[in-house]
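Here's the structure, in C-alpha coordinates; my notes come after.
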2 protein chains.
Amino acid sequence: MAPDSAGTVGKALELLTCLGSFPHGASASQLAQRVDYPFSTVYRLLNTLVSTGYASFEPETKHYRLGLRVFQLSHQVANARGLNGLALPVLETLTAATGESSLLSVLDGERHLTVHKVDGPQFRITTDPGDHGPLHTTALGKTLVAFSAPAHREHLVTTLALPAQTPRSITDRATFVAEIERVRERGWATQDEENDVGMAALAVPVVAPGGRLLAALAVAAPVFRRSAQELEEFLPALRDAARQLALQLPPR
Amino acid sequence: MAPDSAGTVGKALELLTCLGSFPHGASASQLAQRVDYPFSTVYRLLNTLVSTGYASFEPETKHYRLGLRVFQLSHQVANARGLNGLALPVLETLTAATGESSLLSVLDGERHLTVHKVDGPQFRITTDPGDHGPLHTTALGKTLVAFSAPAHREHLVTTLALPAQTPRSITDRATFVAEIERVRERGWATQDEENDVGMAALAVPVVAPGGRLLAALAVAAPVFRRSAQELEEFLPALRDAARQLALQLPPR
DNA sequence: AACCAGTTTCCATTATTTGAAAGCGAGATG
DNA sequence: CATCTCGCTTTCAAATAATGGAAACTGGTT
(Lines give C-alpha, C1' and ligand atoms only; values in the text may rest on other atoms or scores of the structure.)
Protein backbone atom coordinates (compact mmCIF):
# COMPACT_ATOMS: atom_id res chain seq x y z
CA MET A 1 0.00 0.00 0.00
CA ALA A 2 2.67 2.45 -0.91
CA PRO A 3 1.63 5.97 -1.85
CA ASP A 4 1.08 5.28 -5.51
CA SER A 5 4.39 5.06 -7.28
CA ALA A 6 3.56 6.95 -10.42
CA GLY A 7 4.63 5.18 -13.57
CA THR A 8 4.09 6.61 -17.01
CA VAL A 9 0.52 5.47 -17.11
CA GLY A 10 -0.15 6.90 -13.68
CA LYS A 11 1.08 10.27 -14.85
CA ALA A 12 -1.09 10.14 -17.92
CA LEU A 13 -4.15 9.37 -15.85
CA GLU A 14 -3.37 12.06 -13.33
CA LEU A 15 -3.07 14.47 -16.22
CA LEU A 16 -6.43 13.34 -17.51
CA THR A 17 -7.98 13.84 -14.12
CA CYS A 18 -6.38 17.25 -13.98
CA LEU A 19 -7.90 18.13 -17.35
CA GLY A 20 -11.25 17.59 -15.70
CA SER A 21 -10.63 20.55 -13.43
CA PHE A 22 -10.44 22.91 -16.38
CA PRO A 23 -13.99 22.98 -17.70
CA HIS A 24 -13.05 25.33 -20.50
CA GLY A 25 -9.83 23.59 -21.35
CA ALA A 26 -6.23 24.51 -20.68
CA SER A 27 -3.00 24.95 -22.60
CA ALA A 28 -0.18 22.47 -22.40
CA SER A 29 1.89 24.85 -20.30
CA GLN A 30 -0.91 25.49 -17.83
CA LEU A 31 -1.33 21.78 -17.36
CA ALA A 32 2.39 21.18 -17.03
CA GLN A 33 2.50 23.76 -14.29
CA ARG A 34 -0.48 22.28 -12.50
CA VAL A 35 0.64 18.66 -12.44
CA ASP A 36 4.29 19.66 -12.06
CA TYR A 37 5.82 17.35 -14.60
CA PRO A 38 8.40 18.55 -17.11
CA PHE A 39 6.75 20.38 -19.93
CA SER A 40 7.80 18.05 -22.71
CA THR A 41 6.48 15.08 -20.79
CA VAL A 42 3.09 16.68 -20.46
CA TYR A 43 3.14 17.66 -24.07
CA ARG A 44 3.76 14.12 -25.22
CA LEU A 45 1.19 12.67 -22.89
CA LEU A 46 -1.40 15.11 -24.15
CA ASN A 47 -0.81 13.98 -27.69
CA THR A 48 -1.43 10.41 -26.69
CA LEU A 49 -4.60 11.36 -24.86
CA VAL A 50 -5.85 13.24 -27.89
CA SER A 51 -5.03 10.47 -30.32
CA THR A 52 -7.08 8.04 -28.28
CA GLY A 53 -10.05 10.36 -27.91
CA TYR A 54 -9.67 10.86 -24.19
CA ALA A 55 -8.81 14.49 -24.73
CA SER A 56 -9.58 16.89 -27.54
CA PHE A 57 -7.45 19.69 -28.89
CA GLU A 58 -8.65 22.99 -30.30
CA PRO A 59 -6.05 24.22 -32.76
CA GLU A 60 -7.31 27.78 -32.74
CA THR A 61 -6.87 28.31 -29.01
CA LYS A 62 -4.31 25.57 -28.44
CA HIS A 63 -6.35 24.37 -25.57
CA TYR A 64 -6.89 20.82 -24.47
CA ARG A 65 -10.04 19.54 -22.85
CA LEU A 66 -11.62 16.25 -21.95
CA GLY A 67 -12.67 14.25 -24.96
CA LEU A 68 -15.84 12.50 -25.95
CA ARG A 69 -14.51 9.08 -25.09
CA VAL A 70 -14.87 9.96 -21.44
CA PHE A 71 -18.49 10.87 -22.00
CA GLN A 72 -19.11 7.69 -23.94
CA LEU A 73 -17.51 5.43 -21.37
CA SER A 74 -19.36 7.04 -18.54
CA HIS A 75 -22.62 5.75 -19.91
CA GLN A 76 -21.29 2.24 -19.53
CA VAL A 77 -20.46 2.94 -15.91
CA ALA A 78 -23.77 4.60 -15.34
CA ASN A 79 -25.77 1.78 -16.84
CA ALA A 80 -23.84 -0.97 -15.11
CA ARG A 81 -24.05 0.66 -11.72
CA GLY A 82 -27.52 2.08 -11.87
CA LEU A 83 -26.22 5.63 -11.86
CA ASN A 84 -28.28 6.41 -14.91
CA GLY A 85 -31.54 8.27 -14.98
CA LEU A 86 -33.55 5.34 -13.68
CA ALA A 87 -32.99 6.45 -10.11
CA LEU A 88 -34.09 10.01 -10.74
CA PRO A 89 -37.86 9.53 -10.46
CA VAL A 90 -37.41 8.31 -6.90
CA LEU A 91 -35.56 11.50 -6.00
CA GLU A 92 -38.15 13.56 -7.76
CA THR A 93 -40.91 11.95 -5.77
CA LEU A 94 -38.96 12.56 -2.60
CA THR A 95 -38.46 16.22 -3.42
CA ALA A 96 -42.11 16.55 -4.33
CA ALA A 97 -43.08 15.08 -0.97
CA THR A 98 -40.66 17.13 1.12
CA GLY A 99 -40.36 20.31 -0.88
CA GLU A 100 -36.59 20.17 -0.37
CA SER A 101 -33.62 19.11 -2.50
CA SER A 102 -32.67 15.44 -2.74
CA LEU A 103 -29.18 14.04 -3.27
CA LEU A 104 -27.83 10.57 -4.02
CA SER A 105 -24.14 9.83 -3.42
CA VAL A 106 -21.79 6.88 -3.46
CA LEU A 107 -18.50 6.26 -1.69
CA ASP A 108 -15.51 7.16 -3.86
CA GLY A 109 -12.26 6.62 -2.01
CA GLU A 110 -12.04 9.16 0.79
CA ARG A 111 -14.82 11.38 -0.51
CA HIS A 112 -18.41 10.96 -1.54
CA LEU A 113 -19.40 11.36 -5.14
CA THR A 114 -22.78 12.84 -5.92
CA VAL A 115 -24.59 10.82 -8.53
CA HIS A 116 -27.93 12.57 -8.79
CA LYS A 117 -29.63 15.58 -7.35
CA VAL A 118 -33.03 17.13 -7.67
CA ASP A 119 -33.38 20.74 -6.61
CA GLY A 120 -36.29 21.74 -4.45
CA PRO A 121 -38.75 24.29 -5.79
CA GLN A 122 -37.47 27.00 -3.45
CA PHE A 123 -33.74 26.53 -3.48
CA ARG A 124 -30.91 25.49 -5.70
CA ILE A 125 -28.26 23.34 -4.08
CA THR A 126 -24.64 24.02 -5.04
CA THR A 127 -23.70 20.36 -5.26
CA ASP A 128 -24.08 18.83 -8.70
CA PRO A 129 -23.78 15.31 -10.09
CA GLY A 130 -20.09 14.56 -10.54
CA ASP A 131 -19.05 16.68 -7.57
CA HIS A 132 -17.04 15.28 -4.71
CA GLY A 133 -17.62 16.15 -1.06
CA PRO A 134 -15.89 15.38 2.24
CA LEU A 135 -16.98 12.42 4.32
CA HIS A 136 -16.75 13.97 7.78
CA THR A 137 -18.81 17.13 7.34
CA THR A 138 -21.76 15.90 5.32
CA ALA A 139 -24.79 13.81 6.16
CA LEU A 140 -24.16 11.74 3.04
CA GLY A 141 -20.52 11.21 3.95
CA LYS A 142 -21.20 10.20 7.53
CA THR A 143 -23.80 7.74 6.35
CA LEU A 144 -21.48 6.20 3.79
CA VAL A 145 -18.74 5.77 6.38
CA ALA A 146 -21.07 4.41 9.03
CA PHE A 147 -22.56 1.71 6.81
CA SER A 148 -19.62 0.58 4.73
CA ALA A 149 -18.06 -2.82 5.40
CA PRO A 150 -16.55 -3.03 8.91
CA ALA A 151 -12.93 -3.25 7.78
CA HIS A 152 -13.27 -0.34 5.44
CA ARG A 153 -15.21 1.69 7.97
CA GLU A 154 -12.49 1.15 10.53
CA HIS A 155 -9.90 2.28 8.04
CA LEU A 156 -11.79 5.42 7.13
CA VAL A 157 -12.66 6.36 10.67
CA THR A 158 -9.07 6.14 11.83
CA THR A 159 -7.21 7.58 8.85
CA LEU A 160 -9.51 10.22 7.40
CA ALA A 161 -8.19 13.78 7.62
CA LEU A 162 -10.71 16.00 9.40
CA PRO A 163 -10.20 19.54 8.17
CA ALA A 164 -12.79 22.11 9.24
CA GLN A 165 -15.16 23.27 6.52
CA THR A 166 -17.08 25.61 8.80
CA PRO A 167 -16.79 26.50 12.50
CA ARG A 168 -19.18 23.67 13.24
CA SER A 169 -17.29 20.91 11.44
CA ILE A 170 -16.18 17.91 13.46
CA THR A 171 -12.39 18.04 13.57
CA ASP A 172 -11.69 15.88 16.58
CA ARG A 173 -11.19 12.20 15.92
CA ALA A 174 -12.84 10.96 19.10
CA THR A 175 -15.90 13.08 18.38
CA PHE A 176 -15.97 11.73 14.83
CA VAL A 177 -15.74 8.13 15.98
CA ALA A 178 -18.62 8.71 18.38
CA GLU A 179 -20.67 10.44 15.70
CA ILE A 180 -20.23 7.56 13.27
CA GLU A 181 -21.20 5.11 15.98
CA ARG A 182 -24.32 7.13 16.69
CA VAL A 183 -25.21 7.18 13.01
CA ARG A 184 -24.91 3.42 12.91
CA GLU A 185 -27.15 2.99 15.90
CA ARG A 186 -29.84 5.39 14.74
CA GLY A 187 -29.67 4.44 11.10
CA TRP A 188 -29.41 8.01 9.83
CA ALA A 189 -27.09 11.00 9.86
CA THR A 190 -27.50 14.75 9.99
CA GLN A 191 -25.33 17.68 9.15
CA ASP A 192 -26.02 21.03 10.74
CA GLU A 193 -24.00 23.79 9.09
CA GLU A 194 -20.95 21.54 9.27
CA ASN A 195 -20.22 21.66 5.56
CA ASP A 196 -21.82 24.91 4.38
CA VAL A 197 -22.91 27.71 6.64
CA GLY A 198 -26.67 27.99 6.42
CA MET A 199 -27.39 24.45 5.24
CA ALA A 200 -28.55 21.35 7.04
CA ALA A 201 -29.16 17.84 5.75
CA LEU A 202 -30.49 14.43 6.71
CA ALA A 203 -29.27 11.20 5.12
CA VAL A 204 -30.01 7.49 5.21
CA PRO A 205 -28.12 4.56 3.68
CA VAL A 206 -29.32 2.65 0.65
CA VAL A 207 -28.53 -0.97 1.41
CA ALA A 208 -28.98 -3.92 -0.91
CA PRO A 209 -31.06 -6.88 0.26
CA GLY A 210 -27.77 -8.66 1.02
CA GLY A 211 -26.79 -5.89 3.41
CA ARG A 212 -24.20 -4.34 1.16
CA LEU A 213 -24.04 -0.52 1.11
CA LEU A 214 -24.98 0.87 -2.28
CA ALA A 215 -25.34 4.60 -1.75
CA ALA A 216 -26.64 7.27 0.56
CA LEU A 217 -29.70 9.39 0.05
CA ALA A 218 -30.17 12.84 1.57
CA VAL A 219 -32.57 15.71 1.89
CA ALA A 220 -30.96 19.11 2.28
CA ALA A 221 -32.43 22.48 3.14
CA PRO A 222 -31.35 25.96 4.17
CA VAL A 223 -31.56 26.25 7.97
CA PHE A 224 -33.66 29.37 7.81
CA ARG A 225 -36.47 27.22 6.52
CA ARG A 226 -35.84 23.90 8.24
CA SER A 227 -33.53 23.29 11.14
CA ALA A 228 -31.60 20.04 11.18
CA GLN A 229 -34.04 18.80 13.75
CA GLU A 230 -37.09 19.76 11.74
CA LEU A 231 -35.69 17.76 8.84
CA GLU A 232 -36.16 14.63 10.90
CA GLU A 233 -39.85 14.64 10.13
CA PHE A 234 -38.85 13.56 6.64
CA LEU A 235 -37.26 10.35 7.89
CA PRO A 236 -40.15 8.09 6.88
CA ALA A 237 -40.23 9.52 3.35
CA LEU A 238 -36.44 9.25 3.09
CA ARG A 239 -36.41 5.66 4.26
CA ASP A 240 -39.15 4.79 1.87
CA ALA A 241 -37.28 6.29 -1.06
CA ALA A 242 -34.09 4.51 0.03
CA ARG A 243 -35.93 1.21 0.07
CA GLN A 244 -37.16 1.76 -3.46
CA LEU A 245 -33.67 2.65 -4.63
CA ALA A 246 -32.23 -0.45 -2.99
CA LEU A 247 -34.48 -2.59 -5.16
CA GLN A 248 -33.70 -0.63 -8.28
CA LEU A 249 -29.92 -0.34 -8.09
CA PRO A 250 -27.94 -3.40 -9.19
CA PRO A 251 -26.90 -5.44 -6.13
CA ARG A 252 -23.19 -5.00 -6.52
CA MET B 1 -0.48 12.63 -37.97
CA ALA B 2 0.95 9.58 -36.35
CA PRO B 3 -1.54 6.72 -36.66
CA ASP B 4 0.59 4.82 -34.18
CA SER B 5 -1.07 4.18 -30.89
CA ALA B 6 1.98 2.41 -29.56
CA GLY B 7 3.36 3.40 -26.21
CA THR B 8 2.56 2.29 -22.75
CA VAL B 9 0.00 4.97 -22.20
CA GLY B 10 -1.75 4.19 -25.45
CA LYS B 11 -2.09 0.59 -24.38
CA ALA B 12 -3.46 1.58 -21.02
CA LEU B 13 -6.08 3.77 -22.63
CA GLU B 14 -7.02 1.14 -25.14
CA LEU B 15 -7.46 -1.26 -22.27
CA LEU B 16 -9.66 1.26 -20.51
CA THR B 17 -11.78 1.66 -23.62
CA CYS B 18 -11.98 -2.09 -23.87
CA LEU B 19 -13.21 -2.29 -20.30
CA GLY B 20 -16.12 -0.16 -21.43
CA SER B 21 -17.32 -2.98 -23.66
CA PHE B 22 -17.81 -5.27 -20.69
CA PRO B 23 -20.74 -3.71 -18.84
CA HIS B 24 -20.61 -6.34 -16.13
CA GLY B 25 -16.86 -6.37 -15.85
CA ALA B 26 -14.26 -8.83 -17.04
CA SER B 27 -11.39 -10.84 -15.64
CA ALA B 28 -7.78 -9.98 -16.33
CA SER B 29 -7.41 -12.95 -18.64
CA GLN B 30 -10.51 -12.09 -20.65
CA LEU B 31 -9.20 -8.60 -21.16
CA ALA B 32 -5.72 -9.79 -22.06
CA GLN B 33 -7.23 -12.02 -24.70
CA ARG B 34 -9.38 -9.23 -26.08
CA VAL B 35 -6.71 -6.56 -26.43
CA ASP B 36 -4.07 -9.14 -27.31
CA TYR B 37 -1.26 -7.90 -25.11
CA PRO B 38 0.81 -10.27 -22.97
CA PHE B 39 -1.06 -11.21 -19.85
CA SER B 40 1.37 -9.75 -17.38
CA THR B 41 1.30 -6.42 -19.18
CA VAL B 42 -2.45 -6.26 -18.96
CA TYR B 43 -2.33 -7.29 -15.36
CA ARG B 44 0.03 -4.49 -14.44
CA LEU B 45 -1.90 -1.92 -16.40
CA LEU B 46 -5.11 -2.94 -14.68
CA ASN B 47 -3.53 -2.38 -11.31
CA THR B 48 -2.56 1.12 -12.32
CA LEU B 49 -6.03 1.84 -13.61
CA VAL B 50 -7.56 0.63 -10.37
CA SER B 51 -5.18 2.60 -8.18
CA THR B 52 -6.15 5.80 -9.97
CA GLY B 53 -9.87 5.16 -9.78
CA TYR B 54 -10.33 4.68 -13.52
CA ALA B 55 -11.19 1.06 -12.97
CA SER B 56 -12.54 -0.82 -10.01
CA PHE B 57 -11.80 -4.34 -8.92
CA GLU B 58 -14.16 -6.76 -7.21
CA PRO B 59 -12.07 -9.17 -5.16
CA GLU B 60 -14.84 -11.73 -4.81
CA THR B 61 -15.27 -12.25 -8.55
CA LYS B 62 -11.84 -11.03 -9.64
CA HIS B 63 -13.52 -8.87 -12.18
CA TYR B 64 -12.51 -5.43 -13.32
CA ARG B 65 -14.91 -2.75 -14.49
CA LEU B 66 -14.87 0.93 -15.23
CA GLY B 67 -14.41 3.08 -12.15
CA LEU B 68 -16.19 6.06 -10.75
CA ARG B 69 -13.57 8.49 -11.95
CA VAL B 70 -14.87 8.02 -15.46
CA PHE B 71 -18.34 8.88 -14.31
CA GLN B 72 -17.11 11.90 -12.43
CA LEU B 73 -15.05 13.26 -15.30
CA SER B 74 -17.85 12.81 -17.75
CA HIS B 75 -19.88 15.40 -15.93
CA GLN B 76 -17.15 17.92 -16.65
CA VAL B 77 -17.31 17.06 -20.33
CA ALA B 78 -21.06 17.15 -20.32
CA ASN B 79 -21.25 20.51 -18.64
CA ALA B 80 -18.56 22.11 -20.74
CA ARG B 81 -20.04 20.91 -24.00
CA GLY B 82 -23.70 21.27 -23.25
CA LEU B 83 -24.20 17.53 -23.32
CA ASN B 84 -25.93 17.67 -19.97
CA GLY B 85 -29.62 17.53 -19.35
CA LEU B 86 -30.23 21.12 -20.43
CA ALA B 87 -30.82 20.02 -24.00
CA LEU B 88 -33.33 17.34 -23.08
CA PRO B 89 -36.45 19.51 -22.80
CA VAL B 90 -36.04 20.54 -26.42
CA LEU B 91 -36.03 16.89 -27.49
CA GLU B 92 -39.00 16.18 -25.27
CA THR B 93 -40.94 18.98 -26.88
CA LEU B 94 -40.00 17.66 -30.30
CA THR B 95 -41.12 14.17 -29.43
CA ALA B 96 -44.34 15.51 -27.99
CA ALA B 97 -45.00 17.41 -31.21
CA THR B 98 -44.15 14.56 -33.58
CA GLY B 99 -45.08 11.52 -31.55
CA GLU B 100 -41.78 9.93 -32.61
CA SER B 101 -38.39 9.39 -31.00
CA SER B 102 -35.83 12.20 -31.01
CA LEU B 103 -32.04 11.81 -31.05
CA LEU B 104 -29.14 14.22 -30.63
CA SER B 105 -25.67 13.20 -31.80
CA VAL B 106 -22.24 14.74 -32.23
CA LEU B 107 -19.35 13.83 -34.49
CA ASP B 108 -16.81 11.57 -32.78
CA GLY B 109 -14.00 10.61 -35.11
CA GLU B 110 -15.41 8.39 -37.82
CA ARG B 111 -18.65 7.66 -36.03
CA HIS B 112 -21.45 9.63 -34.50
CA LEU B 113 -21.97 9.57 -30.77
CA THR B 114 -25.50 9.79 -29.44
CA VAL B 115 -25.74 12.30 -26.65
CA HIS B 116 -29.43 12.28 -25.85
CA LYS B 117 -32.52 10.48 -26.90
CA VAL B 118 -36.17 10.66 -26.02
CA ASP B 119 -38.32 7.68 -26.91
CA GLY B 120 -41.63 8.22 -28.56
CA PRO B 121 -44.76 7.03 -26.81
CA GLN B 122 -45.24 4.14 -29.22
CA PHE B 123 -41.76 2.83 -29.78
CA ARG B 124 -38.48 2.35 -28.02
CA ILE B 125 -35.43 3.10 -30.10
CA THR B 126 -32.44 0.79 -29.67
CA THR B 127 -29.88 3.59 -29.72
CA ASP B 128 -28.98 4.98 -26.30
CA PRO B 129 -26.89 7.89 -25.11
CA GLY B 130 -23.24 6.84 -25.24
CA ASP B 131 -23.77 4.60 -28.26
CA HIS B 132 -21.79 5.03 -31.43
CA GLY B 133 -23.23 4.70 -34.92
CA PRO B 134 -21.86 4.71 -38.48
CA LEU B 135 -21.76 7.93 -40.47
CA HIS B 136 -22.78 6.60 -43.85
CA THR B 137 -25.98 4.73 -43.01
CA THR B 138 -27.70 7.09 -40.61
CA ALA B 139 -29.50 10.38 -41.05
CA LEU B 140 -27.54 11.79 -38.13
CA GLY B 141 -24.24 10.64 -39.58
CA LYS B 142 -24.90 11.98 -43.07
CA THR B 143 -25.87 15.31 -41.58
CA LEU B 144 -22.74 15.50 -39.45
CA VAL B 145 -20.54 14.72 -42.43
CA ALA B 146 -22.32 17.11 -44.74
CA PHE B 147 -22.05 20.10 -42.42
CA SER B 148 -18.64 19.65 -40.85
CA ALA B 149 -15.80 21.97 -41.84
CA PRO B 150 -14.91 21.61 -45.55
CA ALA B 151 -11.48 20.09 -45.00
CA HIS B 152 -12.78 17.57 -42.53
CA ARG B 153 -15.80 16.78 -44.67
CA GLU B 154 -13.54 16.12 -47.61
CA HIS B 155 -11.42 13.81 -45.51
CA LEU B 156 -14.41 11.85 -44.24
CA VAL B 157 -16.12 11.57 -47.58
CA THR B 158 -13.06 10.15 -49.27
CA THR B 159 -11.68 7.91 -46.54
CA LEU B 160 -14.68 6.51 -44.69
CA ALA B 161 -15.20 2.81 -44.99
CA LEU B 162 -18.69 2.08 -46.31
CA PRO B 163 -19.71 -1.34 -45.06
CA ALA B 164 -23.32 -2.38 -45.63
CA GLN B 165 -25.52 -2.44 -42.56
CA THR B 166 -28.62 -3.52 -44.45
CA PRO B 167 -29.32 -4.30 -48.11
CA ARG B 168 -30.22 -0.65 -48.57
CA SER B 169 -27.01 0.85 -47.15
CA ILE B 170 -24.96 3.08 -49.41
CA THR B 171 -21.72 1.22 -50.10
CA ASP B 172 -20.58 2.94 -53.27
CA ARG B 173 -18.31 5.95 -52.78
CA ALA B 174 -19.67 7.95 -55.72
CA THR B 175 -23.21 7.44 -54.47
CA PHE B 176 -22.13 8.52 -51.01
CA VAL B 177 -20.43 11.67 -52.30
CA ALA B 178 -23.57 12.56 -54.21
CA GLU B 179 -25.76 11.86 -51.20
CA ILE B 180 -23.68 14.12 -48.95
CA GLU B 181 -23.82 16.85 -51.55
CA ARG B 182 -27.58 16.53 -51.73
CA VAL B 183 -27.83 16.74 -47.96
CA ARG B 184 -25.79 19.93 -48.03
CA GLU B 185 -28.02 21.47 -50.64
CA ARG B 186 -31.30 20.54 -49.04
CA GLY B 187 -30.17 21.15 -45.47
CA TRP B 188 -31.40 17.82 -44.16
CA ALA B 189 -30.77 14.08 -44.45
CA THR B 190 -32.88 10.97 -44.39
CA GLN B 191 -32.22 7.34 -43.80
CA ASP B 192 -34.58 4.75 -45.17
CA GLU B 193 -33.87 1.30 -43.74
CA GLU B 194 -30.19 1.90 -44.45
CA ASN B 195 -29.06 1.30 -40.89
CA ASP B 196 -31.77 -0.88 -39.39
CA VAL B 197 -34.36 -2.77 -41.35
CA GLY B 198 -37.73 -1.30 -40.56
CA MET B 199 -36.56 2.11 -39.38
CA ALA B 200 -36.41 5.49 -41.10
CA ALA B 201 -35.13 8.82 -39.85
CA LEU B 202 -34.86 12.50 -40.71
CA ALA B 203 -32.06 14.72 -39.42
CA VAL B 204 -31.00 18.37 -39.53
CA PRO B 205 -27.77 20.02 -38.39
CA VAL B 206 -27.48 22.13 -35.27
CA VAL B 207 -25.21 25.01 -36.27
CA ALA B 208 -23.91 27.73 -33.99
CA PRO B 209 -24.53 31.36 -34.95
CA GLY B 210 -20.94 31.46 -36.26
CA GLY B 211 -21.73 28.63 -38.67
CA ARG B 212 -19.85 25.98 -36.79
CA LEU B 213 -21.46 22.53 -36.63
CA LEU B 214 -22.41 21.59 -33.11
CA ALA B 215 -24.54 18.48 -33.45
CA ALA B 216 -27.26 16.80 -35.46
CA LEU B 217 -30.86 16.31 -34.42
CA ALA B 218 -33.08 13.53 -35.72
CA VAL B 219 -36.55 12.11 -35.58
CA ALA B 220 -36.77 8.37 -36.11
CA ALA B 221 -39.76 6.09 -36.63
CA PRO B 222 -40.55 2.56 -37.71
CA VAL B 223 -41.44 2.55 -41.38
CA PHE B 224 -44.70 0.74 -40.84
CA ARG B 225 -45.97 3.90 -39.19
CA ARG B 226 -44.15 6.61 -41.11
CA SER B 227 -42.26 6.23 -44.35
CA ALA B 228 -39.08 8.21 -44.78
CA GLN B 229 -41.02 10.55 -47.00
CA GLU B 230 -43.81 11.03 -44.52
CA LEU B 231 -41.25 12.03 -41.94
CA GLU B 232 -40.52 15.13 -43.99
CA GLU B 233 -43.63 16.77 -42.68
CA PHE B 234 -41.75 17.12 -39.40
CA LEU B 235 -39.06 19.28 -41.00
CA PRO B 236 -40.39 22.58 -39.63
CA ALA B 237 -40.60 21.20 -36.09
CA LEU B 238 -37.12 19.68 -36.40
CA ARG B 239 -35.61 22.92 -37.69
CA ASP B 240 -37.26 24.84 -34.92
CA ALA B 241 -35.87 22.54 -32.28
CA ALA B 242 -32.42 22.69 -33.90
CA ARG B 243 -32.51 26.47 -33.76
CA GLN B 244 -33.30 26.38 -30.06
CA LEU B 245 -30.50 23.93 -29.41
CA ALA B 246 -28.04 26.08 -31.35
CA LEU B 247 -28.67 28.92 -28.93
CA GLN B 248 -28.44 26.69 -25.91
CA LEU B 249 -25.30 24.70 -26.66
CA PRO B 250 -21.98 26.44 -25.98
CA PRO B 251 -20.58 27.91 -29.21
CA ARG B 252 -17.46 25.78 -29.40
C1' DA C 1 -4.21 -36.13 -4.15
C1' DA C 2 -3.12 -34.76 -8.37
C1' DC C 3 -4.97 -31.51 -11.85
C1' DC C 4 -6.11 -27.32 -14.13
C1' DA C 5 -7.26 -22.47 -15.17
C1' DG C 6 -6.62 -18.44 -13.62
C1' DT C 7 -4.07 -15.07 -10.65
C1' DT C 8 0.00 -12.99 -8.48
C1' DT C 9 4.92 -12.14 -8.02
C1' DC C 10 9.72 -11.95 -9.74
C1' DC C 11 13.63 -10.29 -12.46
C1' DA C 12 17.20 -9.82 -16.20
C1' DT C 13 16.77 -7.70 -20.63
C1' DT C 14 15.70 -4.08 -23.55
C1' DA C 15 12.81 -0.97 -25.55
C1' DT C 16 10.68 3.44 -23.92
C1' DT C 17 10.33 7.30 -21.65
C1' DT C 18 12.77 11.18 -20.33
C1' DG C 19 13.76 16.24 -20.31
C1' DA C 20 17.42 19.65 -21.59
C1' DA C 21 18.15 22.06 -25.31
C1' DA C 22 17.60 23.62 -29.84
C1' DG C 23 14.00 25.10 -33.59
C1' DC C 24 9.79 27.67 -34.68
C1' DG C 25 6.19 31.01 -35.04
C1' DA C 26 3.60 34.94 -33.74
C1' DG C 27 2.88 38.92 -31.37
C1' DA C 28 5.06 42.81 -28.82
C1' DT C 29 8.64 46.40 -28.50
C1' DG C 30 12.00 49.74 -29.73
C1' DC D 1 11.62 47.18 -40.01
C1' DA D 2 14.60 44.62 -37.17
C1' DT D 3 14.75 42.61 -32.80
C1' DC D 4 13.04 40.58 -28.70
C1' DT D 5 10.18 37.45 -26.06
C1' DC D 6 7.22 33.95 -24.96
C1' DG D 7 4.93 29.80 -25.74
C1' DC D 8 4.44 25.81 -28.70
C1' DT D 9 6.85 21.83 -31.14
C1' DT D 10 10.53 18.58 -32.20
C1' DT D 11 14.93 16.19 -31.44
C1' DC D 12 18.24 12.90 -29.29
C1' DA D 13 21.62 10.60 -26.05
C1' DA D 14 21.10 8.85 -21.40
C1' DA D 15 18.78 6.07 -18.16
C1' DT D 16 14.75 4.83 -16.37
C1' DA D 17 10.77 2.21 -16.40
C1' DA D 18 8.12 -1.22 -19.06
C1' DT D 19 8.42 -5.92 -20.75
C1' DG D 20 6.98 -10.72 -20.74
C1' DG D 21 8.63 -15.44 -19.79
C1' DA D 22 8.57 -18.23 -16.08
C1' DA D 23 7.81 -19.74 -11.52
C1' DA D 24 5.02 -19.74 -7.22
C1' DC D 25 0.34 -19.56 -5.71
C1' DT D 26 -4.75 -20.12 -5.21
C1' DG D 27 -8.95 -22.55 -5.08
C1' DG D 28 -12.14 -25.09 -7.40
C1' DT D 29 -12.87 -29.91 -9.96
C1' DT D 30 -12.11 -34.62 -11.37
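Heavy-atom basis, side chains included; hydrogens, waters and symmetry copies ignored. Chain letters run A, B, ... following the sequence lines, proteins first and then strands; every chain starts at 1.
- Residue A:Leu15 contributes atom CG, which lies 11 Å from atom P of C:dT18 at whole-angstrom precision.
- Across the protein-nucleic acid pair, A:Tyr64 atom OH and D:dG7 atom C1' stand 12 Å apart, rounded to whole Å.
- Results of the side-chain contact (heavy atoms from CB on, under 4.5 Å) test with A:Leu86 over A:Leu88, A:Val90, A:Asn84 single out A:Asn84 as the only residue that passes.
- Annotation for B:Glu181: atom CD counts as buried by contact number, over 12 foreign heavy atoms lying within 6.0 Å.
- Rounded to a whole Å, the NE2 atom of A:His63 is 12 Å from the P atom of D:dT9.
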Polar atoms only, N or O, under 3.5 Å: list the protein pairs with nucleotides 17-19 of chain D and their distances.
from   : atom 1 : to      : atom 2 : distance (Å)
D:dA18 : OP1    : A:Thr8  : N      : 2.7
D:dA18 : OP1    : A:Thr8  : OG1    : 2.9
D:dT19 : OP2    : B:Arg44 : NH1    : 3.2

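- Without hydrogens or angle criteria, A:Thr48 side chain to A:Arg44 main chain gives a donor-acceptor distance under 3.5 Å.
- Using modelled atom types, one side-chain atom of B:Arg81 and one backbone atom of A:Leu66 make a donor-acceptor pair closer than 3.5 Å.
- Two end axes, each from the C1' atoms of five base pairs, can be drawn for the helix from C:dT8-D:dA23 to C:dG30-D:dC1; they diverge by 40°, to 10 degrees.
- Residues B:Glu185 and B:Arg182 are not paired through a salt bridge, judged by the lack of any N-O separation under 4.0 Å between the basic side chain and the carboxylate.
- For the pair A:Glu60 CD and C:dA26 P, the interatomic distance rounds to 15 Å; values are reported in whole Å.
- A:Asn47 places its CG atom 7 Å from the P atom of D:dT10, with the value rounded to the nearest Å.
- A cation-pi arrangement is not found for B:Lys62 relative to B:Phe57, the charged atom failing to lie both closer than 6.0 Å to the ring centre and inside a 45° cone about the ring normal.
- Within the structure, every pair that satisfies the salt bridge (charged side-chain N to carboxylate O under 4.0 Å, His left out) test and touches residues 125-137 of chain B, not counting sequence neighbours, is listed here: B:Lys117-B:Asp128.
- Atom CG in A:Leu31 sits roughly 10 Å away from atom P in D:dC8 (whole-Å rounding).
- Summarising the geometry, the separation between CZ on B:Phe57 and C1' on C:dT8 is reported as 10 Å, rounded to the nearest angstrom.
- Residue whose closest nucleotide on DNA chain D sits further toward the 5' end, between B:Lys62 and A:Ala28: A:Ala28.
- Ring geometry for B:Phe176 versus B:His136: interplanar angle over 60°, hence perpendicular rather than tilted (30 to 60°).
- Between the side chains of A:Ser105 and A:Thr114, at least one donor N or O sits under 3.5 Å from an acceptor N or O.
- When the P atom of C:dT9 is taken as reference, atom CZ of B:Phe39 falls 12 Å away, rounded to whole Å.
- Look at A:Tyr43 and you'll find a side-chain N or O under 4.0 angstrom from OP1 or OP2 of D:dT10.
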